[in-house]
Protein chains: 2
Amino acid sequence: MNTLAYGLLGLVARTPSSGYDLMLQLQPFWQAKHSQIYPLLAKMEQEGYLEFTRVPQTDRPDKKVYSITEKGRTALREWLTQSTSEPVLRDELFLKTYCLWLTDRNTARKLFEEREAHCLEQLNMYETFLEELKLACDGTPQDHGSPYFGEYILLSRGVSSMREELNWCRWVMELLDQQA
Amino acid sequence: MNTLAYGLLGLVARTPSSGYDLMLQLQPFWQAKHSQIYPLLAKMEQEGYLEFTRVPQTDRPDKKVYSITEKGRTALREWLTQSTSEPVLRDELFLKTYCLWLTDRNTARKLFEEREAHCLEQLNMYETFLEELKLACDGTPQDHGSPYFGEYILLSRGVSSMREELNWCRWVMELLDQQA
DNA sequence: CCCAGCATGTAACGAGTTACATGATTCG
DNA sequence: CGAATCATGTAACTCGTTACATGCTGGG
């Protein structure tokens, strides 16, 4: 049971889902490929944290829909009381930024333009998901106890952190332009 | 030559340093343990990106001081022109946040109090480093072309992202309290 | 006297990515 | 007709962490 395993458990606790679906739901908060998820789900099922039913589909491939067991729910609650490991941010742009003095203004500028575009994309995604969430549960997400509460505050965080990063990109580009 | 390798190259390009020292300098921007750095430096030296001189010390163990070669500097400049891979943030708190509805207010609150404390620590570190940097190069860091420019904008980013995260933690705690 | 910091390294393991593998449907 | 999406899996590899290993110095 590693961090990803608990993450999957948390998703399944709200809505039973297939591995493919879990991968998609998890994307905005934790990046994991299907090749990491499928074997882990199988292992968690063997150890009794999850169970699955095979759901045949006519137009699409069959799916394995996983749901949480009592053992899984207990483990999940226990995990929430334990201390959280420190977040790790790996951003190649940080390392490139450190070396900006070695390069010309154009090359430098391009780095931040690219990041600006990426942030706008992400911001748009978080805002869209937030709107959808509000529609899906009219007014309730601010209520702790609502199964949407966590997602609501996570998406809000996504929005504000993307805005902060955008501001930074623009500030850096201004600094670069001032010396043109 | 992976991302970490370029990161080390960037540090060494500014100031020749030992592996131990590089590990410390890199910490605020990219987390890597000495066990990952030492073998990588050795490999980079063998491939001609770096060279080192053994510096004997009387009171402390001898060190290998690495400096960048012409091949290394060329590779570094080339890397800066290539497109940057997307940043990855792995934060266990995100996954726990998703499951907040499964737990009581106290457990939930503790998670964010812990994170608040961590952010305050980090904020303090970034602010201290920023002050030191300003002293070390009176007024010049805003100048692209100054070898301190990159570090200056990175530390500024550190400060503002920690402030953003602190605000989020406090907002979440307010929401939790409103329902007490 | 023990712990923290300086300084370097290796070995074993766990986490994560890329690539291989298959196969149906739908949309442009 | 080809690309994208749904759906599941394995294999090989790289990246990153933890633990093992050594040794000296200075401070509490």
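Labels below follow one simple rule: chain letters A, B, ... track the order of the sequence lines, proteins then strands, and each chain is numbered from 1.
For the helix from C:dC1-D:dG28 to C:dG28-D:dC1, the axis fitted to the five pairs at one end and the axis fitted to the five pairs at the other end meet at an angle of 40° (nearest 10 degrees).
Atom CD1 in B:I37 sits about 15 Å away from atom C1' in C:dT10, given to the nearest Å. Rounded to an integer number of Å, the gap from B:Y38 OH to D:dT17 P is 16 Å. Note: CG (B:L22) to C1' (C:dC6) measures 14 Å, nearest angstrom. The distance from atom NZ of B:K63 to atom C1' of D:dT25 is 15 Å, rounded to the nearest whole Å. When rounded to the nearest whole Å, the span between NZ of B:K43 and C1' of C:dG9 equals 17 Å. The nearest whole Å value for the distance from the CD atom in B:Q27 to the P atom in D:dG16 is 13 Å. In this structure, A:D21 atom CG and D:dT5 atom P are separated by 15 Å, rounded to whole Å. For A:E92 and D:dC15, the CD to P distance is 12 Å, given to the nearest whole Å.
The side-chain heavy atoms of A:L100 and B:I153, taken from C-beta on, include a pair separated by under 4.5 Å. The shortest distance between side-chain heavy atoms of A:R90 and B:R90 does not fall below 4.5 Å.
Residue B:L93 comes nearest to A:T84 through the heavy atom pair N-CG2, 3.6 Å, listed as atom of the first residue, atom of the second, then distance.
Under the salt bridge (charged side-chain N to carboxylate O under 4.0 Å, His left out) criterion, B:E131 pairs with no residue, sequence neighbours left out.
Of the possible donor and acceptor atoms, one in the side chain of A:T69 sits under 3.5 Å from a partner among the backbone N and O of A:G48.
Expressed to the nearest 0.5 Å, how far CG of B:D91 lies from NZ of B:K96 amounts to 10.0 Å.
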- Item | Under 4.0 Å protein heavy-atom contact, by nucleotide of nucleotides 13-22 of chain C - B base, S sugar-phosphate only | --SBBBB---
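Using a 4.0 Å heavy-atom criterion, one finds that A:D62 contacts the sugar-phosphate atoms exclusively.
OP1 or OP2 of D:dC6 sits under 4.0 Å from a side-chain N or O of A:Y20. Contact check, A:Q57 against D:dC6: no side-chain N or O comes under 4.0 Å of OP1 or OP2.
Between A:Y98 and B:F29, the ring planes are tilted. Angles from 30° to 60° get that label.
Grouping the Ile, Leu, Val, Met, Phe, Trp and Tyr side chains by contacts below 4.5 angstrom, directly or via other members, places B:L154 with B:L89.
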- Under the side chain to side chain donor-acceptor pair (under 3.5 Å) criterion, do A:E164 and B:S160 qualify, and how do the steps go? CA-CA 7 Å; A:E164 185 273 319; B:S160 60; 2.7 Å; yes
